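For reference, the structure discussed in these notes is given below.
Side chains included, hydrogens not; waters and symmetry mates left out as well; all remaining heavy atoms used. Predicted model, so just to flag it, every value in this text is computed and none were measured. Residue numbers start from 1 in every chain, and the chains themselves are labelled A, B, ... in the order their sequence lines are given, proteins ahead of strands.
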Amino acid sequence: MIPLSWYLYLSTVVFVIGVFGFLTRRNIIIMFMSVELMLNAVNISLVAFSHYLQDMRGQVLVFFIITVAAAEAAIGLAIIIALFRNKATAHVDEISEMRG
Amino acid sequence: MPEFVMPDLGPVMPEIVMTCLALALLLADLFIKRKETVAFLGIIFIGIVSYTLVGATGTTFGGMFVSDGYSMFFKLIFILNVLLTILISVKYIAVERVNFGEYYSLILFATLGMMIMASAGDLIVLYLGLELMALSTYILAGFIRYDIKSNEAAMKYFLLGAFASAFLLYGISMIYGLTGTTDLKAIAFFIVNNGLAENPVVTLSMILFAVAFSFKIAAVPFHMWAPDAYEGAPTSVTAFMSVGPKAAGFAVLGRVFMTAFASVQIDWAAVLTPIAILTMGVGNIVALSQTNIKRMLAYSSIAHAGYALLGIIAGTSDGMASVLNYMLIYAFMNIGAFAVIIMLRSEGFKGDTLSDFEGLAKTHPLASALMLVFMFSLTGIPPTAGFMGKFYVFMSAINAGYMWLVIVAVIFSAISAYFYLRVVMLMYMKEPKEEVKLTTSPAVGLALAITLAAVIIIGILPS
Amino acid sequence: MNYYLLIPFLPLGAFLINILLGRDFLKEKAHWVSILAVAGSWVVSVATMMDVLAGKTLNEDLYMWIASGDFRVGVGFLIDQLTAIMLIVVTTCSTLIHIYSVGYMHGDKGYYRFFAYLSLFTFCMLMLVMANNFLQLYFGWEGVGLCSYFLIGYYFDKKSAADAGKKAFIVNRFGDFGFGLGIILIFLTFGTIYYEPVFTQVGGVAAQTINFLGFEMNLVTLIALLLFCGAIGKSAQMPLHVWLPDAMEGPTPVSALIHAATMVTAGVFLLARCNAIFSLSETAMIVTAVTGAVTSIFAATIALVQNDIKRIIAYSTLSQLGYMFLACGVGAFTAGVFHLYTHAFFKALLFLCAGSVMHAMAGELNLQKMGGLKKYMPVTYWTMLIASLSIAGFPGLAGFFSKDEILWLAYAGASPVGKFVWAIGTIVAFLTAFYSFRLIFMTFHGKFRGTHEQEHHLHESPKSMTIPLLLLCIGAIGSGWVGIPHLLGGGAHFTEFMNPVLGHPEVHGTHAEEGILMAVSVVAGFAGIGLAALFYIVRTDIPVKIAQQFRFVYKVLFNKYYVDELYSFTIVRPTIWIARNILVGITDTRIIEAIVNGVPASIGAFSQLLRRMQTGFLHHYAAIMATGLLIIIAFMLLR
Amino acid sequence: MEQVIMNNLGFPILTTLIFLPFAGAALILLVKRSNESLVKWLSLVVSIATFVLSIPLFTNFDKSTHLMQFAERHNWIPQWNVTYYLGIDGISVLFVLLSTLVTILCVLISWNSIKNKAKEFYISILIMEGAMIGVFCSLDFMLFYLFWEAMLIPMYLLIGVWGGPNRVYAAVKFFLYTLIGSVLMLVGIIVLYLYAGRTFDILELMTKTYPYNMQVWLFWAFFAAFAVKVPMFPVHTWLPDAHTEAPTAGSVILAAVLIKMGAYGFLRFSLPLLPEASKAMTPAMLVLSVIAIIYGAVICLAQTDLKRLIAYSSVSHMGFVTLGIFALNTQGMEGGILQMINHGVVTGALFLSVGIIYDRTHTRQISDYGGVASVMPVYATAFIIFTLASIGFPSTNGFIGEFLIILGGFAARQWAGVLAATGIIIGAGYMLWLYQRIFFMETSPKVAVLKDMDAREVITLLPMVILIFWIGIYPDTFLGFMHESVRHLLERVHTGSGAEIASFKNIVENIK
Amino acid sequence: MLHKLFFGYYAFVIILLSLLVVTRKNPVHSVMWMLLLFFHIASIYLFLNAEFIAAIQVIVYAGAILVLFLFVVLLLNLREELKVKSFIGSWPAGLMISVAILIGIMSALRHFVLGPQGEYSIEFIQRETHTKALGKVLYTDFLFPFEIASLVLLVAIIGAIVLAKRKMKS
């Protein structure tokens with residue numbers, strides 16, 4: 001039987017990789033994918049918890065997270081498209097009209 | 001395993017009604033051509049909702065939904081917020097040429113999300129409510145599709161928001177793993193009974209919650225999205241965002257930290273205190289050097305979040321009450337100020353830079369008089385509501401023994417006087433550059449009347 | 001007897017009428033109001049004098065002026081021998097000079113204003129002498145000061161006049177600074193500032209000492225010295241004498257009334273009033289005596305070389321006032337007051353004569369431009385001659401008696417410095433005679449040294465001016481006869497009369513000594529006159545020679561020992577310099593304002609800095625968020 | 001808690017006094033802005049009516065008691081136990097009267113000089129009046145603070161909108177200076193409120209005793225607010241700017257009433273609430289006062305700007321006031337209070353006069369004047385009277401105040417009295433010099449054309465002249481009001497409240 | 001033992017893939033790697049006998065979301081995307097921050113203690129299938145959140161339309 005902590009560490013590592021990606025990439029889409037990565041990390045830990053706790057809530061939450069993730073994806077990509085129409089770039093650095 | 005029994009829908013009635021009406025509005029939009037009518041319908045619907053609000057108290061869905069005085073008050077704030085926002089939007093979105101019916105239903109959905117947050121008794125519900133609100137607000141922020149600034153605002157808000165909610169989820173999962181539940185009361189109960197208060201994982205998840213909520217209330221250093229989002233978003237939406245999500249954030253912050261994390265109060269006070277100081281400091285100080293009034297008000301709203309945090313930090317019921325009070329007052333004075341700004345926006349004239357206010361008192365004495373009142377209220381000069389709000393918050397904070405924190409706060413609020421007064425100065429003590437014409441409408445007038453009355457009356461008779 | 005109230009309030013009424021109606025209605029007739037009023041109060045004063053002679057004195061409050069806690073003082077009047085004498089002096093001089101002014105000020109654009117001020121002055125002076133407490137005295141004190149300010153600066157469009165007036169007021173303020181503190185100290189000591197409780201209790205505290213700003217000193221001495229500050233300010237004694245010569249900028253009647261007869265003698269009056277206090281303090285007495293002596297000789301020496309006719313008389317006033325102080329200093333308060341009384345007449349006379357000379361010379365003041373006026377203006381000449389004789393102590397004239405009494409009492413009195421001051425007094429007597437007659441000879445004898453048109457213009461003054469001269473002349477001759485000493489078979493009535501108020505110093509000396517001293521001073525006087533005659537009639541070249549011989553001394557004397565310059569360099573300029581360069585230049589601008597404006601400025605700069613952190617780059621925002629989270633985690637888990 | 005004498009007149013006089021001006025302002029709000037004369041007359045009528053209504057305070061005042069009179073009390077914010085609680089005693093009554101009087105004069109003096117935004121101007125003036133009266137009448141700390149801060153708004157506008165060339169800077173400076181001071185006071189108020197068991201009732205607060213070192217820092221918290229208003233020495237620099245740039249009416253209100261509130265605050269709050277601390281801080285206060293006296297006086301010698309000079313002279317005069325107050329004895333305190341009135345009258349009058357000539361010449365530079373006396377004799381007469389009053393010439397009001405203060409100061413600390421007395425010498429110096437430079441010497445061509453004062457201006461100055469001599473010759477009318485209150489206040493200060501030393505920690509405990 | 005080996009493999013691959021996802025220059029590649037990643041995660045779920053979750057992981061994530069991504073990525077022409085370098089200038093800073101956070105969380109997790117056991121024992125789930133169990137819960141206890149979720153999706157639809165639709169009336 002695999003100790004729970006392994007799953008925990010795994011999810012943590014993935015989560016942090018997501019953070020890393022978000023912090024260091026300049027392509028909006030990839031930044032957004034990093035966020036998805038973080039969500040997945042959370043999912044891993046949640047499912048693990050619910051398995052070890054023998055409780056369903058975790059998986060329910062995962063279900064909802066996936067739903068929301070889908071929604072977020074839709075909106076996020078819509079925003080990106082709208083942005084792209086006005087300014088043909090997916091580079092965050094070039095999208096800094098407002099500052100100060 | 002017990003069979004399913006239909007839960008009591010009484011407490012949740014306002015939300016249900018809100019949902020139905022929002023959908024109805026969505027449909028109505030298809031048939032109604034004049035969007036003003038849609039707005040009007042929306043106002044009526046809100047009236048209905050606020051009617052159902054009365055007496056809809058209790059706990060249902062197995063403790064997932066708690067409708068008590070606390071949530072009730074916040075819902076009141078949200079209702080007012082959305083009402084005033086719709087009022088100031090009617091003309092404005094027409095001017096911005098984004099006069100779509102979806103706008104209103106989205107606002108309603110966002111409000112619905114806030115209402116759910118306010119009375120969430122379970123982390124899952126909390127999360128979903130938060131996302132409902134957030135997603136709607138992202139869309140609203142980017143509502144002016146052809147405007148790059150609007151897109152950018154939406155984009156920044158969206159990405160950072162998703163980032164923040166990821167942290168929230170991580171926190172939720174931690175606390176879930178620890179306690180095996182997501183119900184706030186149960187969590188609190190469990191932590192106390194199993195003496196987990198000292199456990200770093202609790203602290204960790206508490207921190208993650210704090211971060212996520214700080215993002216929603218735009219507290220430093222998680223405020224970075226706010227100025228850009230506020231500047232880029234349509235002004236009416238800015239008004240909406242600067243009050244609604246902030247209040248909702250405070251609602252969940254108070255709810256979670258007062259119930260679930262009540263036992264680690266020392267810890268989260270220690271986390272929030274520096275955040276509060278930074279928030280007040282950065283908000284007020286950076287606002288000094290702004291040239292765009294929307295951006296300036298963004299920073300000011302950051303600062304106000306800082307003041308309100310004092311009430312949370314106090315950690316007493318008195319403190320929470322003061323925060324509610326503050327949020328209500330803030331809603332009035334801030335939306336009032338935005339209403340004036342919106343009037344300046346007209347075809348081919350953005351009217352959102354400070355210099356557009358020069359000599360306004362000569363051309364539009366009434367508007368500038370109103371702005372004067374709101375500015376002094378935001379500064380916190382009696383006899384305006386702003387003073388009463390601050391006063392109550394400070395009082396509860398001192399009462400909880402945070403005197404030094406309050407001294408810091410008052411110093412910052414004195415500094416804040418400078419940039420609020422600068423608006424007044426520009427209006428009254430400068431000569432008008434070019435003729436500014438106001439786009440007024442009965443709706444905006446009504447909004448201004450309400451806010452003004454509220455600011456003055458609360459200022460004189462807070463009870 | 002309540003009609004005494006008329007004495008001060010008649011002039012006040014005249015003042016109000018003139019100042020309110022004068023400009024538009026009375027115009028040229030303004031003088032009637034004032035003259036009638038002053039004459040009225042003269043009459044009342046004489047009546048009061050009679051009462052006092054009949055032994056009726058009075059001390060009562062009119063109303064409560066200031067009442068704060070246990071500090072209570074009213075506006076009240078004390079009428080005793082001293083007051084009575086002063087009343088006579090003041091009202092008499094005032095009346096005559098009012099009349100004189102009708103002629104002198106004729107056709108001046110501020111005619112009404114002039115008379116209004118004169119009346120106001122009379123009112124204040126009377127309040128001063130009639131006060132029954134120190135604070136009211138202080139009121140009159142400042143009041144006369146104010147009037148002198150107005151009257152000196154009467155020709156206010158002349159800068160020198162305006163300056164002189166201001167100078168007079170401010171220099172007096174220096175004196176009043178001490179005076180005021182003295183009053184306060186009196187209150188704190190005795191719990192009241194009414195004369196007679198104070199004077200009766202003062203004996204009790206004679207031994208007490210007080211720690212004043214760290215100096216342990218005798219209480220009474222301190223009080224006395226503080227009051228003395230006031231006295232020297234008003235009576236222009238060293239070192240606060242500087243304002244009086246400049247005061248001659250005012251119209252001549254003013255000089256006569258205020259700066260010779262009445263106001264300047266207020267200091268002496270104060271000393272006499274407070275004799276009970278002073279005589280208890282050895283130190284204070286010595287200070288007084290020495291100050292008086294020094295001032296008198298100091299002024300006399302300056303007077304020797306001045307050419308401005310009015311200034312000469314002014315300096316002689318200084319030195320005569322010195323005489324009076326000297327007298328008080330040696331305990332001879334009676335003699336002091338006696339001299340005050342006689343001096344009032346002959347000095348007023350001198351000034352008025354000078355005025356009439358100026359009138360004739362069209363405002364010319366320089367002796368060098370005059371000469372041989374005798375034949376043009378006989379009345380002026382004779383009256384002025386008599387006045388000069390009187391001041392020179394010509395036996396039988398008023399000055400003679402008072403001066404001799406002073407010298408005798410100084411010599412024979414108990415004062416440790418008596419002999420010394422007597423010696424100085426005698427020298428001064430000589431000098432006085434000299435410069436007075438230098439004035440006479442250079443003005444009236446010899447041949448005219450002025451321009452031709454001046455010569456044509458020469459004429460005797462109108463009746464309204466000459467009559468007062470003659471009247472005053474009577475005073476200058478006869479006013480001394482009330483105090484003829486026993487030695488000369490007189491009754492020394494004056495001394496007797498004053499005894500209840502001023503007491504009488506014990507003297508130990510024989511009549512023989514008294515006679516000798518008298519002779520000495522008379523000789524000194526005659527020597528002075530003789531020398532003057534020699535220098536300025538017989539051998540007019542000698543003074544020039546001497547002047548060349550002792551060029552340095554001459555310059556020093558001519559420039560009044562450079563006292564003004566000294567003050568302006570040690571007090572006036574440094575103060576203004578500090579104000580300009582230290583206070584405005586540094587503390588206000590460089591320090592306080594620097595902070596006041598600097599803090600916001602730095603906040604603003606900081607604001608710009610923070611503002612630049614809002615780069616607009618998404619990943620910066622994210623990084624800051626993550627860093628924030630990191631810091632919090634570290635902070636929470638590592639503590 | 002101490003009992004008070006409820007208002008026994010037929011009508012709530014204090015409330016009327018406070019809200020009549022507000023009502024007037026509201027009324028003016030309705031007038032068309034084109035109809036300027038109506039605005040003017042309306043404000044004049046309202047201000048006169050207020051003054052007339054305030055006369056009963058003068059006539060019906062019971063001088064034989066220290067209790068609060070004409071008191072009114074209503075619940076206001078029950079949950080915080082805030083009450084609408086008004087009342088006046090011997091200390092405050094005179095200021096109420098002064099405020100009502102001064103407002104009339106301000107309206108009169110601005111009659112012709114305010115052209116642009118006249119409507120707003122008179123509204124501000126009236127609101128100002130109401131707030132000022134409110135400050136002096138409040139017996140509830142919250143209410144007091146409300147008026148205290150509310151006053152800033154109209155004043156800020158008065159300076160900033162109708163002021164001189166550098167007005168914006170001056171206005172902002174004034175506002176921030178005072179605001180920073182008063183927010184610190186707010187903290188103090190809250191602490192007091194919580195410590196004393198949740199009451200803002202001043203009279204009730206006075207009956208409590210507070211631990212010593214809590215008193216000390218409360219004292220400094222209040223000091224921050226009051227000293228800035230007074231203004232005391234280190235924080236005085238807003239005054240010259242504000243006075244100089246403000247329009248005549250603004251300067252007059254500032255000088256006559258506004259800066260009295262600082263000293264009034266000391267009397268009403270610092271001393272009775274924090275007796276031990278006040279006693280302990282006396283030396284510091286006296287030193288500051290003496291510095292202010294001499295500093296303010298000397299710096300006047302260097303001024304070339306007419307209004308600036310008078311502004312600095314107020315610094316000096318207010319130094320006398322604080323000196324008298326902190327002498328903590330009868331003469332000093334009564335002198336201090338009287339001197340506040342005097343300064344209000346005299347400096348107010350001086351600013352009025354300056355305004356009169358400024359309207360003619362539009363220059364504030366002293367060097368531009370000279371020889372005015374020969375073209376404007378009446379004006380010169382009025383001005384010399386004010387000058388004399390300001391240098392404390394006996395028989396003017398200035399003398400009474402200053403003499404009592406120096407007496408009190410000397411009794412308290414010799415050096416204080418002596419140094420203060422030097423201030424009088426310098427005072428004579430700069431005022432007479434000023435008078436000479438403006439009114440004497442050759443008439444400059446610029447001045448030669450000036451016309452003397454017209455009836456309106458004479459009427460404006462007349463009340464001040466009368467007051468000056470009234471107070472100077474028969475001050476008992478005014479001192480009479482104070483005796484009882486001052487005696488009681490001093491009792492409170494000296495018998496003190498026997499506070500024990502408590503550590504800051506358990507102050508916080510106590511508050512919790 | 002076998003379990004551990006399997007887990008080891010999956011863990012390693014997942015980490016590797018996620019690293020690839022965030023480091024690839026070409027978004028298309030990232031998406032591809034992510035697809036693979038999701039499959040692995042799904043199989044981890046299978047490990048934890050949560051078949052339904054695994055299923056939706058594949059269907060929704062891999063099937064819907066990623067396709068959406070891919071679609072967008074291809075929509076935006078990526079020619080010049082590939083010219084500019086993919087990382088922000090200061091990526092080491094980002095790395096350091098993330099590592100620090102990792103350490104922080106790890107150090108906290110060392111004290112992790114598991115909560116109380118619930119009634120959904122493995123046998124129970126075996127007995128009635130996982131899907132049924134989850135479904136029951138979803139439609140009874142979690143009815144309310146479920147409804148909210150539906151709203152979230154609705155909002156998403158509206159938003160997507162409002163923002164992305166090419167032309168709009170008025």
Side-chain angles (χ1 to χ4, degrees), chain B residues 149 152 155-164 167 170-171 200-204 206-208 210-212 214-215 219-229 231-232 264 266-268 270-272 274-275 278 281-291 295 298-299 411-412 415 418-419, chain C residues 66-69 574-639:
Chain B
K149 281 178 113 181
E152 181 182 345
M155 191 269 291
K156 284 175 171 169
Y157 189 20
F158 168 74
L159 275 179
L160 291 173
F163 190 53
F167 284 115
Y170 198 78
V201 183
V202 176
T203 322
L204 178 65
M206 180 273 288
I207 293 171
L208 291 167
V211 170
S214 305
F215 177 88
V220 181
F222 311 104
H223 68 294
M224 305 299 277
W225 60 276
D228 297 359
E231 183 183 347
V264 291
I266 305 95
D267 292 349
W268 57 256
V271 174
L272 291 183
I275 290 183
L278 276 175
V282 172
N284 284 320
I285 288 176
V286 180
L288 291 175
S289 56
Q290 295 306 319
T291 55
R295 204 170 178 79
Y299 281 107
I411 296 292
F412 278 129
I415 292 175
Y418 180 78
F419 58 86
Chain C
I66 307 177
S68 166
T575 319
I576 294 180
W577 185 86
I578 288 172
R580 291 229 173 86
N581 303 325
I582 306 288
L583 300 192
V584 175
I586 295 179
T587 42
D588 250 26
T589 336
R590 297 269 169 72
I591 298 173
I592 299 174
E593 281 298 73
I595 294 168
V596 170
N597 297 330
V599 171
S602 47
I603 291 178
F606 186 48
S607 161
Q608 291 293 349
L609 187 77
L610 284 178
R611 187 180 175 186
R612 244 174 270 111
M613 284 176 66
Q614 191 84 20
T615 51
F617 292 135
L618 192 54
H619 46 77
H620 285 170
Y621 297 179
I624 287 172
M625 276 175 71
T627 324
L629 168 68
L630 175 60
I631 290 168
I632 296 173
I633 290 177
F635 167 67
M636 290 308 289
L637 296 182
L638 298 184
R639 83 199 160 97

If you take all heavy atoms of C/Ser607 and B/Leu288, which pair is closest and at what distance? OG-CB, 4.0 Å
Please tell me if the side chains of B/Arg295 and C/Arg611 come closer than 4.5 Å, counting only heavy atoms from C-beta onward. no
In terms of heavy-atom proximity below 4.5 Å to chain B, should C/Ile633 be classed as side chain, backbone, both, or neither? both
For the pair C/Ile603 and B/Tyr418, evaluate side chain to side chain contact (heavy atoms under 4.5 Å, CB included) and give the outcome as yes or no after the intermediate values. CA-CA 11 Å; C/Ile603 291 178; B/Tyr418 180 78; over 6 Å; no
Is there a side-chain contact between B/Val282 and C/Met613 in this structure, where contact means two heavy atoms from C-beta onward sitting under 4.5 Å apart? no
How long is the straight-line distance from CD1 of C/Ile632 back to CD1 of B/Ile275, given to the nearest 0.5 Å? 4.0 Å
Side chains of B/Leu160 and C/Met625: closer than 4.5 Å at any heavy-atom pair? yes
Engaged part of B/Leu278 at the chain C interface, taking heavy atoms whose separation is under 4.5 Å: neither
Should C/Tyr621 and B/Leu159 count as side-chain neighbours, where that means a heavy-atom distance under 4.5 Å? no
Region of B/Phe222 in contact with chain C, defined by heavy-atom distances below 4.5 Å: both
Region of B/Phe167 that comes under 4.5 Å of a non-hydrogen atom in chain C: side chain
What are the two closest non-hydrogen atoms of C/Gly616 and B/Glu152, and how far apart are they? O-OE2, 4.4 Å
